[in-house]
Amino acid sequence: MGDKNATLSVGGNSYELPVFEGSVGPDVIDIRKLYGQSKMFTYDPGYTSTASCESALTYIDGEEGVLLHRGYPIGQLAESSNFTEVSYLLLNGELPDKETLDKFNWTISRHTMLHEQLIQFYRGFRRDAHPMAIMCGVVGALSAFYHDSTDISDPEHRRISSHRLIAKMPTIAAMAYKYSIGQPFLYPDNSLSYTGNFMRMTFGVPAEPYELHPAVERAMDRIFILHADHEQNASTSTVRLAGSSGANPFACIAAGIACLWGPAHGGANEAALNMLREIGTPDKIPHYIERAKDKNDPFRLMGFGHRVYKNYDPRATVMQKTVREVFDALKVDDPLFETALRLEELALHDDYFVEKKLFPNVDFYSGIILSAIGFPTTMFTALFALARTVGWVAQWNEMISDPGQKIGRPRQLYTGPTQRDYVPVENR
Ligand code: SDX
């Protein structure tokens with residue numbers, strides 16, 4: 001932490017506030033003592049200028065379109081790493097050597113099964129339940145089964161529950177899909193990779209062996225890497241806030257899943273593909289771009305814009321490249337990809353989007369890939385939640401391990417009625 005100070009002058013008073021420097025990125029003004037000194041709050045409803053915590057996990061430079069996980073650029077990780085290695089990196093801070101990675105993979109693969117009674121939870125849902133509704137319910141219910149790893153003050157409990165969550169999300173997500181199509185659940189096969197195991201549980205059937213195209217396995221694993229963590233986004237902040245009360249990790253991750261579901265956040269991948277389907281052909285694009293610019297029209301270009309990125313989301317760059325790899329591998333094509341490319345080109349040459357620095361984000365192209373692989377749009381956000389679980393768990397561990405950690409309790413600007421006396425109903 002540096003020794004710079006900020007001076008705030010208000011109401012004839014001046015307040016000296018410490019300024020802290022990170023290893024990279026904006027400095028922060030420490031306002032923890034501001035209310036005590038000034039009896040005033042700061043005001044930042046959408047947290048547009050607020051750092052909620054100190055973290056060493058992920059760094060985003062929104063102006064430059066840079067995303068680092070423990071210092072490693074997302075493009076390098078997507079190109080050369082794999083999801084369980086990135087998971088180890090996020091959890092532990094360093095890339096593992098081969099022996100350590102093999103041990104981590106062994107540990108994760110031995111937590112992939114669910115307690116057999118959890119299967120009953122699925123039977124309580126309608127077949128057409130949204131997979132995110134099932135994920136919220138089943139993940140929250142894990143705390144009813146794994147009492148032996150919910151003492152958050154015990155690092156060993158935190159380690160086991162972290163591994164359980166990372167390992168069981170593919171099983172839970174695959175079962176949500178199987179349930180929705182009336183097919184039997186498949187148990188995990190620990191001889192497969194993390195992603196290969198997920199794909200078999202999702203698209204395999206008991207009646208025959210499941211063959212997965214290596215390029216599709218690689219693409220899915222890369223998509224998981226691209227969704228692993230992303231600083232203090234809405235769902236991660238939800239997990240941190242839930243965890244700050246001492247809630248068990250399964251409940252905290254269920255809270256993160258609920259927040260991710262929103263179309264402004266993780267639900268945008270489903271919304272973006274539905275939008276492309278509604279647009280249909282490139283000749284319809286100008287009409288939708290005009291709608292997106294119309295303040296009186298609630299329509300927005302889904303998969304476009306970002307609170308932090310005011311440049312191209314580096315994940316979207318990798319995602320766009322991956323579309324072509326999957327199309328080539330599966331020998332498929334989807335005219336919506338051309339529509340998406342044309343929409344991006346027209347939007348990025350339109351003053352409205354240029355001035356507001358609205359670029360494609362991670363959700364713009366992902367749906368085209370997932371649809372080509374065979375996922376229904378309703379599964380897209382469940383896949384996002386599957387991958388983001390390692391980020392949520394790593395951020396949760398970082399918060400719980402912080403000796404200065406306190407329960408999160410924001411204040412407000414109150415604009416309601418001032419005190420008044422109760423009036424009995426007969427006198428109103
Ligand atoms: C994710 O935070 C993260 O890191 C999230 C995420 C992660 O990995 O965790 O990256 C994942 O959630 C990506 C974002 C997915 N959401 C979408 O694609 C939905 C469409 N995008 C927008 O809803 C919006 O861009 C947000 C929610 C992503 C960001 O909203 P902000 O930062 O609150 O910005 P804003 O709504 O204040 O927009 C600024 C201006 C506004 O115009 P003005 O009021 O200033 O005139 O840009 C406009 C907005 O109307 N605008 C858009 C737009 N996004 C913003 N106009 C048209 N289309 C859009 N997509």
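Start at 1 with the first residue, then count along the sequence. Counting convention: from 1, in listed order, for ligands and their atoms alike.
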For atom 57 (C) of ligand 1, closest protein heavy-atom neighbour: Ala292 O, 3.7 Å
Side-chain donor/acceptor of Asn361 to backbone N/O of Asp313, under 3.5 Å: no
Ser245 (side chain) donor-acceptor with Ala242 (main chain) under 3.5 angstrom: yes
Closest non-hydrogen atom pair between Pro96 and Glu85, with its separation: CD-CG, 3.9 Å
Shortest protein contact, atom 20 (C) of ligand 1 (heavy atom only): Phe304 O, 3.4 Å
Electrostatic pair Arg164:Asp148 at N-O distance under 4.0 angstrom: yes
For atom 60 (N) of ligand 1, the protein heavy atom that lies nearest, with its residue and separation: Leu301 O, 2.8 Å
Any non-hydrogen protein atom less than 4.0 Å away from atom 39 (C) of ligand 1: no
Protein heavy-atom partner closest to atom 12 (O) of ligand 1 - residue, atom, separation in Å: His265 ND1, 2.9 Å
Contact (N/O only, under 3.5 Å) between Asp313 and ligand 1: no
Counterpart residues, ring pair (Phe, Tyr, Trp, His ring centres under 6.0 Å), relative to Tyr288 (two or more places apart): Phe299
Whether Tyr352 lies under 4.0 Å from ligand 1, heavy atom: yes
Lys356 NZ/CZ over Tyr352 ring centroid, <6.0 Å and within 45° of normal: yes
NZ/NE/NH1/NH2 to OD/OE distance under 4.0 Å, Glu278 and Arg291: yes
Sub-4.0 Å atoms of ligand 1 with respect to non-hydrogen atoms of Ala268: 15 (C), 16 (N), 17 (C), 18 (O)
Atom 34 (O) of ligand 1 - nearest protein heavy atom and its distance: Arg307 NE, 4.7 Å
Neighbour count above 12 (heavy atom, 6.0 Å) for Glu156 CD: yes
Close approach of Gly46 to ligand 1, heavy atoms, under 4.0 angstrom: no
Numbered atoms of ligand 1 (with element) below 4.0 Å of Asn233, judged on heavy atoms: 2 (O), 3 (C), 4 (O), 5 (C), 9 (O)
Ligand-residue contact atoms, ligand 1 with Gly303, heavy atoms, under 4.0 Å: 17 (C), 18 (O)
Which of the ligand 1 atoms, numbered from 1, are nearer than 4.0 Å to a heavy atom of Arg388: 7 (C), 8 (O), 9 (O)
Arg126, CZ atom: more than 12 neighbouring heavy atoms under 6.0 Å: no
Top protein contact for atom 28 (C) of ligand 1, by heavy-atom distance: Gly305 O, 3.6 Å
Taking atom 30 (O) of ligand 1 as the reference point, the nearest protein heavy atom with its distance: Arg300 NH1, 4.4 Å
Closest to atom 4 (O) of ligand 1 (judged by heavy-atom distance), picking from Gln232, Lys356, Arg315, His230: His230
Side-chain donor-acceptor contacts of residues 400-413 below 3.5 Å, not counting sequence neighbours, with atom names and distances?
from	atom 1	to	atom 2	distance (Å)
Ser401	OG	Asn397	O	2.5
Asp402	OD1	Gly404	N	2.7
Gln405	NE2	Ser244	O	3.3

Option nearest atom 19 (C) of ligand 1 (shortest heavy-atom distance, choices Met302, Lys293, His306, Lys357): Met302
Matching residue for Asn105 among Asn190, Thr84, Asn82 - test: side-chain hydrogen bond (donor to acceptor under 3.5 Å, both in side chains): Thr84
Phe250 and Tyr146 aromatic ring geometry - parallel, tilted or perpendicular at 30°/60° bounds: tilted
Neighbour count above 12 (heavy atom, 6.0 Å) for Tyr187 OH: no
Polar atom proximity, Lys310 to ligand 1 (N or O, under 3.5 Å): no
Full working for ring pair (Phe, Tyr, Trp, His ring centres under 6.0 Å) between Phe185 and Tyr122: CA-CA 11 Å; Phe185 299 140; Tyr122 286 80; 5.3 Å; yes
Side chain, backbone, both or neither: Leu358 near ligand 1, heavy atoms under 4.0 Å: side chain
Val308 to ligand 1, any heavy atom closer than 4.0 Å: no
Ligand 1 contact on Glu231 by region, counting heavy-atom pairs under 4.0 Å: neither
Identity and separation of the nearest protein heavy atom to atom 16 (N) of ligand 1: Ala264 O, 2.9 Å
Any N or O of Phe353 closer than 3.5 Å to N or O of ligand 1: no
